[in-house]
Every structure is written in C-alpha cells, then in structure tokens.
Amino acid sequence: QVQLAESGGGLVQAGGSLRLSCVVSGGTFSTYAMGWFRQAPGKEREFVATISWSGGLSYYADSVKGRFTCSRDNTKNSVYLQMNSLKPEDTAVYYCAAEKDRALTRNSGRYDYWGQGTQVTVSS
C-alpha cells in the first residue's frame, strides 16, 4: 500500500518562505512522477508543480513560477516544495501526489496516490 505524508505547512507572513516535504512509503518512489496541488477554501483543487521521476524536469503553474521550486531525493523517498515570496493567495491545503506511469501532468485525475495534505496560511 502506497502512502504519502506531507509536512512543513504552517502560518507565515507575506513575503516569507516555507518548505513542504512529502515522504512516500510502500511503493517504488524512484519510478513515480510527483506532483503538488493545492486547494483553497471554496475553490477547486489546482495544480502547483510536477517533477519527473529523475528530478530532471519540472513544471509549474504560472501563479507560482519563479517563487516555488520542486525537488526530490530518491534516496529518501521524498519530494519537496520550496515556497518563497509567499502571498496571501497562496493560502491553501497543499497535497502531494504520485503518478505511476512517469507522466508529467497538471491533471489531478492522472495521479494515483495522494497524501492527506498540509495547511499553509499566509497572513498579509
């Protein structure tokens, strides 16, 4: 059984930084493409970033490009989301997700496994 566990969320002032982590257990992490999504209150879940199985490719939503960086460490079965220059509109529950077929995709429906999420709150 594949399990994903996010951590690192919290309350931060606008302009600050947070680093989210996601540890994957029970599967073959090094073969998965990984994604980050977020969901704000009253809104649909939206794509944030995705990274290839090797870490060599990554893509970002326009709203976070240049501020967020996704990375992974296959020796630790972990993926990270470094979030800088945070804005109040970044406030959401952040989820990591795993895609078994190595597809880099913004489509949440393509991801096979999901974590429970971690809350990020950015105050103005």
Side-chain angles (χ1 to χ4, degrees):
Q1 183 178 359
V2 179
Q3 294 185 319
L4 287 70
E6 303 96 336
S7 62
L11 173 63
V12 64
Q13 289 188 332
S17 298
L18 283 174
R19 187 191 194 214
L20 306 184
S21 299
C22 173
V23 179
V24 180
S25 60
T28 51
F29 175 78
S30 62
T31 68
Y32 299 155
M34 297 297 297
W36 286 97
F37 292 80
R38 66 186 182 185
Q39 187 167 18
K43 295 187 177 181
E44 293 187 353
R45 189 172 298 187
E46 66 173 358
F47 167 77
V48 175
T50 183
I51 189 166
S52 64
W53 63 273
S54 68
L57 290 173
S58 58
Y59 298 101
Y60 299 90
D62 288 344
S63 58
V64 307
K65 201 173 296 182
R67 300 188 297 122
F68 291 12
T69 302
C70 186
S71 61
R72 66 189 294 161
D73 185 341
N74 286 349
T75 67
K76 296 182 179 180
N77 286 4
S78 296
V79 63
Y80 308 99
L81 187 67
Q82 178 67 43
M83 306 186 295
N84 298 329
S85 302
L86 283 161
K87 305 175 181 180
E89 51 263 44
D90 295 319
T91 295
V93 177
Y94 283 71
Y95 300 89
C96 68
E99 203 284 336
K100 293 188 299 183
D101 294 329
R102 304 192 182 192
L104 288 179
T105 177
R106 299 167 181 254
N107 182 355
S108 61
R110 289 290 306 272
Y111 287 81
D112 302 287
Y113 308 110
W114 290 83
Q116 293 299 308
T118 185
Q119 176 71 47
V120 171
T121 303
V122 184
S123 64
S124 57

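Not measured: the values here are computed from a predicted model.
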Query raised in the report: If you measure from OG1 on Thr69 to CE on Met83, what distance do you get to the nearest 0.5 Å?
Result: 11.0 Å
Query raised in the report: Quick one: does Tyr80's side chain have a donor or acceptor within less than 3.5 Å of a partner on Asp73's backbone?
Result: no
Query raised in the report: Just by distance, do the side chain of Ser78 and the backbone of Val23 share a donor-acceptor pair under 3.5 Å?
Result: no
Query raised in the report: For the side chain of Asn107 and the backbone of Gly109, is there at least one donor-acceptor N/O pair under 3.5 Å apart?
Result: yes
Query - Short N-O contact, Asp62 and Lys65, less than 4.0 angstrom - result: yes
Report summary line: All heavy atoms of Met34 vs all of Val79, minimum pair found to be CE-CG1, 3.8 Å
Report summary line: Nearest heavy-atom approach of Ser17 to Ser85 is OG-N, 4.3 Å
Report summary line: The reported gap from OG in Ser52 to CG in Leu57 (rounded to nearest 0.5 angstrom) is 4.5 Å
Report task. Taking all non-hydrogen atoms of both residues into account, name the closest pair between Ala103 and Ala33 and its distance. Result -> O-CB, 3.5 Å
Query raised in the report: In the single-linkage hydrophobic clustering (I, L, V, M, F, W, Y; side-chain heavy atoms under 4.5 Å), do Leu104 and Val24 co-cluster?
Result: no
Query raised in the report: Shared ILVMFWY cluster between Trp36 and Val12, side chains joined below 4.5 angstrom?
Result: yes
Query raised in the report: Less than 4.5 Å apart, any side-chain heavy atom of Arg67 and any of Asp90?
Result: yes
Query - Heavy-atom side-chain proximity of Thr105 to Thr50 below 4.5 angstrom - result: no
Query raised in the report: Any idea which heavy atoms bring Pro88 and Ser124 closest together, and the distance?
Result: CG-CB, 3.8 Å
**Report entry** Check: Thr91 and Gln119 side chains under 4.5 Å, non-hydrogen atoms
**Finding:** yes
Query raised in the report: Under a 4.5 Å cut-off applied to non-hydrogen side-chain atoms, are Leu4 and Tyr95 in contact?
Result: no
Requested in this report: Answer yes or no: is there a donor N or O on one side and an acceptor on the other, between the side chain of Glu6 and the main chain of Cys96, under 3.5 Å?
Outcome: yes
Query raised in the report: Can you name the nearest heavy-atom pair linking Leu20 to Thr118, along with the distance?
Result: CD2-CG2, 4.0 Å
**Report entry** Cation-pi check, Arg72 onto Tyr32 ring (under 6.0 Å, within 45° of axis)
**Finding:** no
Query raised in the report: According to a 4.5 Å side-chain heavy-atom criterion applied to Ile, Leu, Val, Met, Phe, Trp and Tyr, with indirect links allowed, do Trp53 and Phe47 form part of one hydrophobic cluster?
Result: no
Query raised in the report: Are Lys100 and Thr31 side-chain neighbours, meaning at least one heavy-atom pair lies under 4.5 Å?
Result: no
Query raised in the report: In Å, rounded to the nearest 0.5 Å, how long is the span from OG of Ser123 to CG of Leu86?
Result: 10.0 Å
**Report entry** Validation row: Arg38, Leu81 side chains within 4.5 angstrom (heavy atoms)
**Finding:** no
**Report entry** Minimum side-chain heavy-atom gap Glu44-Ser108 below 4.5 Å
**Finding:** no
Query raised in the report: Taking atom CD of Glu89 as the centre, does the number of heavy atoms from other residues, nucleotides or ligands within less than 6.0 Å exceed 12?
Result: yes
Requested in this report: Just say parallel, tilted or perpendicular for the rings of Phe68 and Tyr94, cut-offs at 30° and 60°.
Outcome: tilted
Report summary line: Scanning both residues in full, the closest heavy-atom pair of Gly35 with Tyr111 reads N-CE2, 3.6 Å
Requested in this report: Would you please classify the geometry between the Phe37 ring and the Trp114 ring as parallel, tilted or perpendicular, with 30° and 60° separating the classes?
Outcome: tilted
